[in-house]
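Heavy-atom basis, side chains included; hydrogens, waters and symmetry copies ignored. Every value quoted in this text rests on a predicted model; they were computed, and no experiment measured them. Counting convention: from 1, in listed order, for ligands and their atoms alike.
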Amino acid sequence: MVERKIEVGISPSLMCGNSFLQGEYIQTLNKLEISWYHIDIMDGHFVPNIGLNLNFIRDLRKLTEKLIEVHLMCTAPLDWIEKLLALGVDAISFHIEASHAPIRCLNLIREKGALAGIALSPATPPERLDFLFDYLDYVTLMGVEPGFEGQNFLPQTFKKIERTRHLIKTHQSEIFIQVDGGVDLDIGKKLIDSGADILVGGVPTIFMDNDLKGNYEKFSSLFTTP
Ligand code: DX5
Ligand code: ZN
């Protein structure tokens, strides 16, 4: 079984780019030191949008050896997990607001050697993670309501990261915190100071002016400069 490891850094969200340029994006991004690609999968019910799809993941898998992380925004996560694992994704996070059997979902993901995550919408308190720490590898804290790229960051997310960090410590857990949505350079710096490990890079960062390499370098230096 392949060993998958989470690394601190930037994760480009491919939904945020121009659909017709995806091949070029992958060529550019594959050469950079990104740890994983963030792929938004939506069903038009949990959120009023359709993101990328299973065929996109199938084709992406052929083009990269980097980790593929799926952010599942669907009302019935259990219906999607096996299909995604069969395509060779490395990590899946699903929304706690959408799952009636989160432990079953998390176990299923881990059984195949993939990394298991829970995503929390902005109004969902981090205490929803209680009783799940033993089954989790990472948590995705949404900085915007899920569904669309390019929205304004919700500042209460800072407090939520601190509360999540505190819970992680209390549970002596080692899970990673990923923040998704509305992150720009200034916000990214503050998120790292508040305890974020992974920042999803979308419209205001990675895809700005179509300069993916330059943007990535600027953005990832946030993790190395004090
Ligand atoms: C929102 C998605 C995000 C989004 C991020 O539902 O989960 O991954 O693509 O885009 P930005 O960074 O532009 O908010
Ligand atoms: Zn996402």
Quick check for you: to the nearest 0.5 Å, what is the distance between [X] atom [atom1] and [Y] atom [atom2]?
X      : Y      : atom1 : atom2 : result
Gln22  : Leu52  : CD    : CG    : 6.5 Å
Trp36  : Gln178 : CH2   : CD    : 5.5 Å
Ile187 : Thr157 : CD1   : OG1   : 9.0 Å
Ser99  : Leu78  : OG    : CG    : 7.5 Å

Looking only at protein heavy atoms, which one is nearest to [atom], and how far off is it?
atom                    : result
atom 12 (O) of ligand 1 : Gly202 CA, 3.3 Å
atom 2 (C) of ligand 1  : Asp40 OD2, 3.3 Å
atom 6 (O) of ligand 1  : Gly147 N, 2.6 Å
atom 1 (C) of ligand 1  : Phe148 O, 3.6 Å
atom 10 (O) of ligand 1 : Cys16 SG, 3.3 Å
atom 3 (C) of ligand 1  : Asp180 OD1, 3.0 Å

For [X] and [Y], which I'm curious about, is there any donor-acceptor pair between the side chains at under 3.5 Å?
X      : Y      : value
Thr205 : Asp184 : no
Asp130 : His171 : yes
Asp180 : Ser13  : no

Salt bridge (charged side-chain N to carboxylate O under 4.0 Å, His left out) evaluation trace for Asp137 with Arg110:
CA-CA 9 Å; Asp137 298 297; Arg110 277 184 158 184; 2.9 Å; yes
Taking side chain to side chain contact (heavy atoms under 4.5 Å, CB included) as the test, write out the residues that go with Lys189, two or more places apart.
Asp193, Leu222
Step-by-step salt bridge (charged side-chain N to carboxylate O under 4.0 Å, His left out) determination, Arg165 to Asp197
CA-CA 11 Å; Arg165 260 289 150 239; Asp197 300 303; 2.9 Å; yes
Report yes if [X] has an N/O atom closer than 3.5 Å to an N/O atom of ligand 1; otherwise report no.
X      : value
Glu145 : no
Ser13  : yes
Glu149 : no
Met42  : no

Using the rule given for side chain to side chain donor-acceptor pair (under 3.5 Å), can you reason through Tyr216 versus Glu33, listing the C-alpha separation, both sets of side-chain angles and the distance that settles it, and then say yes or no?
CA-CA 9 Å; Tyr216 172 80; Glu33 283 181 9; 5.6 Å; no
Counting from 1, what ligand 1 atoms have a heavy atom of [X] closer than 4.0 Å?
X      : answer
Gly181 : 14 (O)
His71  : 7 (O)
Met15  : 9 (O)
Pro146 : 6 (O)
Gly150 : 11 (P), 13 (O), 14 (O)
Val203 : 11 (P), 12 (O), 13 (O)
Gly182 : 11 (P), 12 (O), 14 (O)
Met142 : 7 (O)

Output every pair passing ring-ring contact (aromatic ring centres under 6.0 Å, His included) with a member in residues 4-24, not counting sequence neighbours, ordered by first then second residue.
none
Taking 2.8 Å as the strict upper bound, the Zn ion (ligand 2) has protein N, O or S neighbours numbering 4
I would like to know whether Glu97 and Arg128 meet salt bridge (charged side-chain N to carboxylate O under 4.0 Å, His left out); could you show each step before the answer?
CA-CA 9 Å; Glu97 305 86 4; Arg128 287 288 300 273; over 6 Å; no
Is it the case that the ring center of Phe158 lies less than 6.0 angstrom away from the ring center of Phe153?
yes
According to salt bridge (charged side-chain N to carboxylate O under 4.0 Å, His left out), who are the partners of Arg61, at least two apart in sequence or on a separate chain?
Asp90
